[in-house]
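Right, one structure below, let's go through it.
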Amino acid sequence: MKAQFGIIGLATMGQNLALNIARHNFSVAGYNRSAERTQALMARVKDEPILPTFALSEFVSVLARPRAILLMVQAGRPVDEVLSELFPLLEPGDLLIDGGNSHFADTERRIREAESRGLLYLGVGISGGEAGALKGPALMAGGHVEGYARVEPIFKAIAAQGLDGPCTGYFGPGGSGHYVKMVHNGIEYAIMQIIAECYDLLKRGLGFTPPEIAAVFAEWNQGELESYLLGITVDILRTRDSETGGFLVEAIKDAAEQKGTGKWSTQAALDLGAPTPTIAEAVFARIVSALKEERLGAEKILPGPTPRLSLAPRELLEDLRKAYALALVTAYAQGFRQLQDASSEHGYGFSLAEVARVWTAGCIIRARMLGVMREAFQREPNLPLLVLAEPFRKLWHEGQGSLRNVVCLAHRAGIPVPAFSSTLNFLDSYRTGRLPANLIQAQRDYFGAHTYERLDRPGKFHTRWEEAPRC
Ligand code: 6PG
């Protein structure tokens, strides 16, 4: 019997997906460049139909035709290396699936290469980490639709169960699946930063201990604000350090790393002209955090106010919860807006309601409010920004004062809140009918004759500013 599905790359994600697929009664062949990982997978196999292989040619030969092969290798050059080894071994009609966090533009290039060889290709964003891969991830696919149709039964079987079915979706041609996953990660960065700012405000601003902060977050996580990231934060804040007996979070170096998907999301937003400042600030916040040594030096040279908030804890908690809700929705709103713009620009043609549905379970940014976001996009598929629609509009009405308080208090106390602050700036800009950009246009025209438009009549205008009459 030939294996129905093949996986190349058996690090933890690859192993867990192999087990998940095999546990749903699809036979899987596995291959990894170094045999140890293949053996590690086999050590975890009980009676699942998994076939280990130790050479690429052997792997290809044990797969049922047309073949379906999932690559779970590190994004970037390793994907191209595996593909160049694999291409000569495949036959027209075989399907390649890249399940890593590849850049969507790389996926578009690889699709063209696969097409020229008569192969089918899918770029699939897989979210949910190691646990998700084993128990039910969210899958965001793009590329050849015939390829998706072929593996859809497997994807449906292994995906997390979300609203109205499994969390797998086909989002269109080209790199659409990886684009959706990239923006998912951008939103992930923003949410993590917003939660980190809440933690800092409660810790340094009010002097709360990690379990006290956990109690606040656990309460928020009871209702409409429930989310995976907030839930794991509660666990993290309650975890003891076995070495010191203190709280583990306080023993961890405050320098965040990144593999680049948040940066790509921001770069792609800039390319599109899509406004995602909260996501961008979260990327920059990680960059600044990584300058640990420099910050330690600057702390001595650039003193600021005592980082204490001048507010009773009860009042701050109420404001912070509302500010958190508003910032959270704005992070999703910016991500969805970017997806909408990308869909038109790249011709993906996907529905934001379907993106929201696929994100309701399995993925890292899963949250109760995604179901409500889905409904908003079902009602209004071209909604330009989520906060314009109910019930999110209500969050603005009820929470804008709180967001202003939080940002003001934090700034006065010298506690950085880049995500909160940029959220407020973004929303204030977005709801301002007349911004000062008229002056910027005048400046551009003054020094560069770039022309400007007028409010009172159409056309492009230029003024010889140096000669113009002045008061
Ligand atoms: C997921 C995660 C996953 C991973 C990112 C984080 O959806 O399962 O987003 O893809 O955690 O690679 O990457 P950073 O290293 O950039 O934080």
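First listed ligand is number 1; within each ligand, the first listed atom is number 1. Counting from 1, the numbers follow the sequence of the chain as shown.
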Q.
Once ring-ring contact (aromatic ring centres under 6.0 Å, His included) is applied, what residue pairs with a partner in residues 351-389 remain, sequence neighbours excluded?
A.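 Counting only pairs at least two positions apart or across chains, the ring-ring contact (aromatic ring centres under 6.0 Å, His included) contacts touching residues 351-389 are His184-Trp359, Phe336-Trp359, Phe336-Phe377.
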(Q) Checking Glu380 now: which residues fulfil salt bridge (Lys or Arg N to Asp or Glu O under 4.0 Å) with it, not counting sequence neighbours? (A)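 Once residues adjacent in sequence are excluded, Glu380 has no partner under the salt bridge (Lys or Arg N to Asp or Glu O under 4.0 Å) criterion.
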Q) Passes salt bridge (charged side-chain N to carboxylate O under 4.0 Å, His left out), Arg109 versus Asp106? Steps please. A) CA-CA 5 Å; Arg109 170 176 57 77; Asp106 284 340; 3.4 Å; yes
**Q.** Arg23, CZ: over 12 other non-hydrogen atoms inside 6.0 angstrom
**A.**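 Atom CZ in Arg23 is crowded, with more than 12 foreign heavy atoms closer than 6.0 Å.
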Q) Taking any residue with a non-hydrogen atom under 4.0 angstrom from an atom of ligand 1, which ones do you get? A)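 Within 4.0 Å of ligand 1, the protein residues are Asn101, Ser127, Gly128, Gly129, Lys181, His184, Asn185, Glu188, Tyr189, Gln258, Lys259, Gly260, Thr261, Arg286, Ile364.
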**Q.** Residues forming a side-chain hydrogen bond (donor to acceptor under 3.5 Å, both in side chains) with His346, sequence neighbours excluded
**A.**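 Checked His346 against side-chain hydrogen bond (donor to acceptor under 3.5 Å, both in side chains); zero matches.
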Q. Are a donor atom and an acceptor atom from the side chains of Glu354 and Tyr170 found within less than 3.5 Å of each other?
A.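 Note: Glu354 and Tyr170 side chains miss the donor-acceptor criterion.
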